[in-house]
There are 2 protein chains.
Amino acid sequence: MEKNLKRMATMQRMQVTGLNLFYKKGYYNTSVDDILKELSLSKGAFYYHFDSKEDFFVQIIEQLVVRKVYSMLIEPIEGHENTLELITNCFEDALETAVHNELDYGFLLNNFINEFNGRNPEIMKHLNEILRIWEVTLVSAIQRGKFNGHIDRHVDAEGVAVYLMSSFIGIRTLMVETAPSARKYRFMSQLRQYFKSIESRAENQPNDTIY
Amino acid sequence: MEKNLKRMATMQRMQVTGLNLFYKKGYYNTSVDDILKELSLSKGAFYYHFDSKEDFFVQIIEQLVVRKVYSMLIEPIEGHENTLELITNCFEDALETAVHNELDYGFLLNNFINEFNGRNPEIMKHLNEILRIWEVTLVSAIQRGKFNGHIDRHVDAEGVAVYLMSSFIGIRTLMVETAPSARKYRFMSQLRQYFKSIESRAENQPNDTIY
DNA sequence: AATGAAACCGACCAACAGGTCGGATTACTA
DNA sequence: TAGTAATCCGACCTGTTGGTCGGTTTCATT
């Protein structure tokens, strides 16, 4: 068990800087040597731990990307309170992080999906899987909201989920390079506006105490 | 004038297949030879007409991408009728085209922005410029709507524009590979829902004849 | 101290990238 | 039809890519 410690450490070091570079420069535009140079490691070390560049990236997805998406977009909306509020805060936090991130290149998933779509089905499978989990999480959050009475019973949970994902993916692209903070603010305002339109009507009036 | 005819024809042929390949495989992942092979042309012909691969791409943006965005997203919403309806129809058409496009790789602008962001400022300048024009067009459409009385006077035009762009960019990513038609339908439903929430109140009631 | 496995090094390879260039074709003009 | 300019060809150059491999270092165990 403890033998693997060094192995794990090296692999993780590679994966972390690998993800950073892939995110910054793109997968196809980042060479294995680029990553190795940053780590002062050799080709031998790399191919000792990973079968290929592709295998390396798949492991990055499974080890790092999945976790990132989980902690950023999945777990924050798994509570049982007012789900619209949960989602609002979740998006707010995620976008705020992006604003303060000095080097922002947009939504990780979006970038990679665009890069691999139609080119690498194997990797696309992994990326789509993450999207699917996000979607499922959102759908069940909306349904919880409907059950809780926070969301109007007539709204289409799947529709709302798709709409939310779309807008989030898009705003992350729009926030790179051009007025991220202002755009975040405008986006959040309109998101709240939209949420108001799918809230249960009783929510807006004082006569919602149905106990 | 007529001398340039052949020149123009060849250049355009190169640009058209160039754009297709760049869209399909990405800029960095498409070699000049790839394009030339498809056209049965030689390196010499390419570098006779274009200074470099980058120059080639810039010209593609100016000649083809700009026009595409214009005819697809700008011109359709420049009318003076109910602008929310114009935008709805515009998005509907654009997404429908995407659904029927056998090989769809997402929103052209989004793909390229993700690929060049942080890597090629020169090209990013051109892409951001197109985004800006789209934004301006949307903003003035919303303002026209407010003036017309179709849109509530209190809504933030810039906010709506950003929200619309975001959602469109995002849905185009979500429509690749996974249930494009269903997602398009859900998206459009929610877009209409959102639009209802920014319509002028009088619009929803029969007592809106203010003449 | 000896040993053997795990971890790492770095020279090397074939394939391919963008770009050059001297020459061959083609097409227009006189 | 001769000549000249526009167009195109394709061998070639230099640098980079993902990947290989024989060898060296590191380190726990005996």
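Bear in mind the structure is a predicted one, so any value in this text is a computation, not a measurement. So you know, we letter chains A, B, ... as the sequences are listed, proteins then strands, and number each from 1.
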Output yes when at least one side-chain N/O atom of B:Thr10 is less than 4.0 Å from OP1 or OP2 of D:dC8, else no. yes
Contacts of B:Val32 and A:Gly44 projected onto DNA chain C by closest heavy atom; the upstream (5') one is A:Gly44
Is there a donor-acceptor contact under 3.5 Å linking the side chains of B:Asn110 and B:Asn114? yes
Looking only at the side chain of A:Tyr47 (C-beta and beyond, no hydrogens), which of the listed nucleotides D:dG19, C:dG10, D:dC9 gets closest? D:dG19
Any side-chain donor paired with an acceptor under 3.5 Å for A:Tyr194 and B:Gln190? yes
Is there a side-chain contact between A:Ser31 and the phosphate of D:dT16, meaning an N or O under 4.0 Å from OP1 or OP2? no
Nearest to the side chain of A:Ser42 - C:dC9, D:dG18, D:dC9? C:dC9
Report the distance from atom CG of B:Leu108 to atom CE of B:Met72, rounding to the nearest 0.5 Å. 11.0 Å
Check B:Phe112, B:Phe56, B:Phe116 against B:Tyr27 for a ring-ring contact (aromatic ring centres under 6.0 Å, His included) and give me the one that passes. B:Phe116
Side chain of A:His49, heavy atoms from C-beta onward: which of C:dA17, D:dC8, C:dA7 has the nearest atom to it? C:dA7
Parallel, tilted or perpendicular, as decided by the 30° and 60° cut-offs, for the rings of A:Phe187 and A:Phe91: parallel
From D:dA11, C:dA17, D:dA6, nucleotide with atom closest to B:Asp33 side chain: C:dA17
By nearest nucleotide on DNA chain D, pick out whichever of A:Phe46 and B:Met8 is the more 5' one. B:Met8
Closest to the B:Tyr48 side chain: D:dC8, C:dC8, D:dT17? D:dC8
Reckon A:Arg7 has a side-chain N or O less than 4.0 Å from the OP1 or OP2 of C:dA6? no
Ranking D:dG10, D:dC8, D:dG19 by distance to the side chain of A:Ser52, first place goes to D:dG19
When all nucleic acid strands are considered with a 4.0 Å heavy-atom cut-off, which category describes B:Lys53: base, sugar-phosphate, or nothing? sugar-phosphate
Separation of C:dC21 P from B:Asp51 CG (nearest whole Å): 14 Å
Among D:dC9, D:dT26, C:dG19, the one nearest any side-chain atom of B:Lys43 is C:dG19
